[in-house]
Amino acid sequence: MEDQSEVKVSKKAAKKAEKAAKKAEMKASKKAEQSGGDVTTEVDDCSRGKYGVMPIITSTEKLDRVLVPVKSLNGDEKGKLVWCRGRLHTSRAKGKQCFFVLRQQFATIQCLVAVSEDISKAMVKFVSDISKESIIDIEGTVVAVEKSIESCSQKDVELHVKQVFVVNESEPRLPLQIEDAARPETEEDSTEEKLSIRVNQDTRLDNRILDLRTPTSQAIFRIEAAVCDLFRNSLKSRGFVEIHTPKIISAASEGGANVFEVSYFKGNAYLAQSPQLYKQMAIAADFEKVYTVGAVFRAEDSNTHRHLCEFVGLDLEMAFNYHYHEVLDVIESTFVDIFKGLQQQFATEIETVSRQFPMETFKFLEPTLRLQFSDAVALLRNNGVEMDDEDDLTTANEKLLGKLVKAKYGTDFFTLDKFPLKVRPFYTMPDPNNSKYSNSYDMFMRGEEILSGAQRIHDAKFLSERAVHHGCDLDKIKAYIDSFRYGVPPHAGGGIGLERVTMLFLGLDNIRKTSLFPRDPRRLTP
Ligand SMILES: *[C@@H]1O[C@H](CO)[C@@H](O)[C@H](O)[C@H]1NC(C)=O
Ligand SMILES: *[C@@H]1O[C@H](CO)[C@@H](O)[C@H](O)[C@H]1NC(C)=O
């Protein structure tokens with residue numbers, strides 16, 4: 001599944017790139033010698049003082065200058081003289097002029113500096129020598145263009161440059177080119193000399209700060225922030241309280257396996273695999289409806305497209321009156337709020353991601369489709385899968401089920417209720433109607449699990465029995481079990497993986513694309 005993209009580069013292209021980088025390096029060192037770090041030196045330069053390398057900003061002065069966001073520049077701003085700050089994305093010098101693209105987050109605009117009465121040849125040369133990714137301040141006139149500039153986000157205008165100052169320079173040699181990292185997956189490799197280079201995942205992650213500069217990454221992490229925001233707002237509006245639970249704990253919350261052990265003064269502790277026990281204790285403490293957003297740790301040696309050793313958990317827990325479906329209704333509505341919010345408020349970001357990684361628009365129903373686990377088994381068996389009633393779903397069967405459900409019901413999102421009891425954690429309430437099953441559920445996006453939840457056992461004696469049945473050490477979970485001795489309302493909840501939701505909503509193929517600095521069994525840096 002992973003690392004489908006590969007660096008495709010011929011020897012010829014590699015040589016060429018090396019030569020260009022060397023040249024740029026030489027140029028840069030020459031320039032540094034010449035300018036000694038400050039502004040223009042030539043005496044008869046008509047652009048004197050209008051370009052150069054700014055002295056390093058140490059906050060010695062406050063400039064009374066408004067910097068206009070690149071994304072705000074369009075035909076309405078025609079004729080205005082504006083200052084902008086951005087990165088030099090690409091540049092192309094030709095004779096007496098230099099075209100370059102200024103990039104600010106996911107906005108790009110074409111800029112032109114051309115020899116004229118007040119623009120010297122030296123200034124054009126200076127601009128064409130600025131290394132890619134340097135941060136620059138430019139002053140320019142907004143000019144409408146006749147032919148739409150397809151390669152930029154600001155298509156109907158360009159900037160005619162009057163002044164350029166380098167705020168902070170990038171080393172000329174970049175470990176990856178932003179253009180390559182941003183290249184659409186659809187683009188065919190051209191047979192021309194200019195080969196289309198793809199950047200493989202490890203190179204991206206090794207140089208994550210550069211990879212994160214691509215419009216796609218900029219969009220992904222805004223969408224991820226929005227998932228969090230929408231989750232919070234949706235639950236807040238339903239009367240939930242945000243809580244913060246400890247991440248250093250004395251006993252493994254989900255049974256013994258897959259837990260990171262850390263030293264804790266003279267003894268040991270564990271990193272929390274979920275806030276499970278603490279959000280339930282918050283219910284026992286009468287908070288009634290709680291949620292939490294925070295890091296969870298899994299010492300699972302899984303090198304797959306969807307496992308991380310550290311991820312962000314969106315967890316909730318809620319007391320209900322008579323039936324755990326009261327909680328299921330709330331969780332499903334929360335997801336609908338998230339999906340709607342993303343599609344309504346983040347259409348530009350979604351579109352930006354889909355330009356590089358084409359996807360089908362995420363489909364969901366209102367109310368959410370809710371199937372029983374046994375229905376899913378029947379659907380799978382009808383399609384040739386052999387499985388027992390009480391078998392858990394394998395990853396492959398989850399995927400297949402997602403496809404079958406999509407074909408039958410037209411949704412990428414659904415709930416599966418009533419999982420077999422034996423595949424769920426010890427604190428899951430059995431189904432009173434059928435002891436093989438339980439009052440537990442998973443939710444799926446594009447055929448992958450993104451939430452797991454259940455009604456919890458809120459009776460200390462019964463909980464102890466179930467814990468022993470699962471081989472848990474009662475001494476280690478004494479505080480948890482004791483919290484059910486003084487009266488607890490019936491309650492249910494669930495846990496969601498933030499990176500998975502973002503990945504699957506956007507139809508991406510790897511969770512490392514939606515984790516800012518991913519942690520997996522092979523990666524602990526940067
Ligand atoms: C850019 O940043 C580097 C590293 O902090 C610094 O050494 C250099 O002087 C800066 N250049 C400018 C023009 O501010
Ligand atoms: C048990 O079955 C009854 C009757 O079909 C149903 O109303 C109830 O919701 C079921 N209970 C659970 C926990 O599923």
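One-based numbering, in listed order, for ligands and for the atoms of each.
- Arg456 forms no cation-pi arrangement with Tyr427, by the criterion of a distance under 6.0 Å to the ring centre and an angle within 45° of the ring axis.
- Looking only at protein heavy atoms, the nearest one to atom 9 (O) of ligand 2 is His323 NE2, 3.0 Å.
- Ligand 2 has no nitrogen or oxygen under 3.5 angstrom from a nitrogen or oxygen of Tyr324.
- Within a 6.0 Å sphere centred on CZ of Phe517, other residues, nucleotides and ligands contribute more than 12 heavy atoms.
- No more than 12 heavy atoms of other residues, nucleotides or ligands lie within 6.0 Å of CZ in Phe287, so this atom counts as exposed by the packing criterion.
- Counting non-hydrogen atoms of other residues, nucleotides and ligands closer than 6.0 Å to CG of Asp286 gives a total of 12 or fewer.
- Phe373 and Tyr437 have tilted rings, their planes meeting at an angle from 30° to 60° on a 0 to 90° scale.
- At a distance under 4.0 Å, no protein heavy atom can be found next to atom 5 (O) of ligand 2.
- The 12-atom threshold is exceeded at NZ of Lys406, counting heavy atoms of other residues, nucleotides or ligands nearer than 6.0 Å.
- Protein heavy atoms come within 4.0 Å of atom 2 (O) of ligand 2.
- Near Pro432, the atoms of ligand 2 lying under 4.0 angstrom from a non-hydrogen atom of the residue are 13 (C).
- Contacts between His325 and ligand 2, counted as non-hydrogen atom pairs separated by less than 4.0 Å, are absent for every part of the residue.
- The pair Asp442-Lys418 does not count as a salt bridge, with every side-chain nitrogen at least 4.0 angstrom from each carboxylate oxygen.
- Among all protein heavy atoms, the one lying closest to atom 13 (C) of ligand 2 is Asn439 OD1, 3.5 Å.
- Heavy atoms of Lys418 approach ligand 2 to within less than 4.0 angstrom.
- For atom 11 (N) of ligand 2, the closest heavy atom belonging to the protein is Asn433 ND2, 3.1 Å.
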